[in-house]
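For reference, the structure is listed below as structure tokens.
None of these values were measured; they are calculated from a predicted model. Numbering of ligands and ligand atoms starts at 1, following listing order.
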Amino acid sequence: MVIKNVELETVCGITSTIPDNKLPEIAFAGKSNVGKSSLINGLMNRKSLARTSSQPGKTQTINFYNINQLMYLVDLPGYGYAKVSESEKKKWGKMIENYLHVSKQLKAVFLLIDIRHEPSANDKMMYEWIVYQGYDPIIIATKLDKLKRSQVPKALKTVKEGLKLKPNTTVIPFSAVTKQGRDEIWALMDELIGYVPEEKKK
Ligand SMILES: Nc1nc2c(ncn2[C@@H]2O[C@H](COP(=O)(O)OP(=O)(O)O)[C@@H](O)[C@H]2O)c(=O)[nH]1
Ligand SMILES: [Mg+2]
């Protein structure tokens, strides 16, 4: 999809109701600091609409970005930030689970994993929640530029084995620095939401 306009349309806090959207949604989950805001900015061609930070744990809301009045990218709260109290963590977990459960327009969930690290217990739990809600998570291995090319295959194997992915699961390496992986992610999202460009409709 060619980005024409993007807008942060809805911000949902812990007590807000999930909007009953009419356009297809694609959600992004991952632990704090994994590069979720950077990925979303990269997909929208914006430097900073989704807030990026080297201070993790800031996004405590579910943010709905309207893309071209055709779909939403949904930024879920980052999990696993140590400095947050147990009760806060529980609330975030509930918020994410509730969204996965109630959204009628959710077409797919992308789960972000740092390509350099073995998936954590929280990553595994998130993966299982997504599967439990009936979705096949698509894995984005973030911060690809931080590895040498020769290190990538082994790193991807660690991610796949750590999450015990089903053999046919899509794993896309991505770098917010080089934008490698961006076109592949958009091609997949277009397919997931059934998007056909105007010029191909004729
Ligand atoms: N080198 C590199 N740094 C990244 C990449 N993606 C994110 N970062 C950095 O990692 C930190 C956290 O990124 P952010 O997008 O805010 O993560 P979030 O907490 O998951 O939303 C920031 O300092 C980013 O600049 C990437 O692909 N490559
Ligand atoms: Mg963020």
Side-chain angles (χ1 to χ4, degrees), residues 3 6-14 16 25-67 72-84 88-89 91-93 95-96 99-100 108-127 129-130 137-153 155-156 158-159 162-163 170-186 188-189:
I3 306 297
V6 299
E7 181 201 348
L8 173 55
E9 189 178 287
T10 312
V11 176
C12 272
I14 286 169
S16 353
E25 298 168 359
I26 296 205
F28 297 85
K31 74 171 186 206
S32 300
N33 221 31
V34 70
K36 203 150 46 67
S37 298
S38 303
L39 168 67
I40 292 172
N41 283 326
L43 293 173
M44 299 190 301
N45 296 333
R46 292 299 158 99
K47 280 213 176 79
S48 60
L49 185 57
R51 235 192 316 160
T52 55
S53 169
S54 46
Q55 274 178 284
K58 274 199 164 174
T59 315
Q60 307 175 24
T61 52
I62 302 181
N63 297 343
F64 293 79
Y65 295 92
N66 184 318
I67 310 293
Y72 293 95
L73 299 184
V74 181
D75 190 359
L76 298 172
Y79 52 79
Y81 182 47
K83 281 189 191 165
V84 166
E88 279 293 288
K89 280 185 198 164
K91 279 187 205 158
W92 296 1
M95 190 153 82
I96 297 173
Y99 169 71
L100 295 179
V109 185
F110 286 65
L111 176 59
L112 281 64
I113 305 285
D114 190 317
I115 196 165
R116 299 167 298 171
H117 305 313
E118 210 171 299
S120 68
N122 282 321
D123 291 328
K124 291 177 200 173
M125 192 170 73
M126 191 68 227
Y127 179 74
W129 276 355
I130 299 167
I138 296 146
I139 309 301
I140 307 290
T142 63
K143 310 196 184 184
L144 175 61
D145 58 283
K146 298 253 192 183
L147 292 186
K148 292 188 201 128
R149 199 177 296 196
S150 62
Q151 299 172 303
V152 171
L156 290 176
T158 303
V159 169
L163 292 173
T170 306
V171 181
I172 305 176
F174 175 78
S175 165
V177 175
T178 66
K179 304 290 184 290
Q180 194 178 327
R182 185 187 182 277
D183 294 347
E184 197 180 340
I185 295 169
W186 261 120
L188 182 56
M189 293 202 297

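The shortest N or O to N or O distance between Thr142 and ligand 1 is not below 3.5 Å. Backbone and side-chain nitrogen or oxygen atoms of Ser32 are examined, and none is located within less than 3.5 angstrom of a nitrogen or oxygen of ligand 1. Every N/O-N/O distance between Leu144 and ligand 1 stays at or above 3.5 Å.
Within the 2.8 Å limit, Ser37 places at least one N, O or S atom next to the Mg ion (ligand 2).
Each of the following atoms of ligand 1 lies closer than 4.0 Å to a heavy atom of Lys36: 15 (O), 17 (O), 18 (P), 20 (O), 21 (O). Atoms of ligand 1 found under 4.0 Å from any heavy atom of Ser175 (numbered from 1 in listed order, with element): 27 (O). Atoms of ligand 1 found under 4.0 Å from any heavy atom of Ser38 (numbered from 1 in listed order, with element): 6 (N), 7 (C), 13 (O), 14 (P), 15 (O), 24 (C).
Summarising the contacts of atom 17 (O) of ligand 1 with Pro77, Pro173, Gly35, the nearest heavy atom is found in Gly35.
No donor-acceptor pair under 3.5 Å is formed between the side chain of Lys146 and the backbone N or O of Lys143. A donor-acceptor pair under 3.5 Å links the side-chain atoms of Asn41 to the main chain of Leu49, judged by distance alone. Although no hydrogens or angles enter the test, the distance criterion places a donor-acceptor pair under 3.5 Å between the side chain of Gln151 and the main chain of Lys148.
A distance of 11.5 Å separates CG of Leu8 from CZ of Arg46, quoted to the nearest 0.5 Å.
Remark: the Tyr65 side chain and the Glu7 side chain contain no N/O donor-acceptor pair separated by less than 3.5 Å. At a cut-off of 3.5 Å, with distance as the only test, a side-chain donor of Thr61 or Asn63 sits close to an acceptor on the other residue.
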Set out, in order, the CA-CA distance, both residues' side-chain angles and the distance that settles side-chain hydrogen bond (donor to acceptor under 3.5 Å, both in side chains) for Tyr99 and Glu25, then state yes or no.
CA-CA 11 Å; Tyr99 169 71; Glu25 298 168 359; 2.5 Å; yes

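With a 4.0 Å heavy-atom cut-off, ligand 1 is reached by the side chain of Asp145 but not by its N, CA, C or O.
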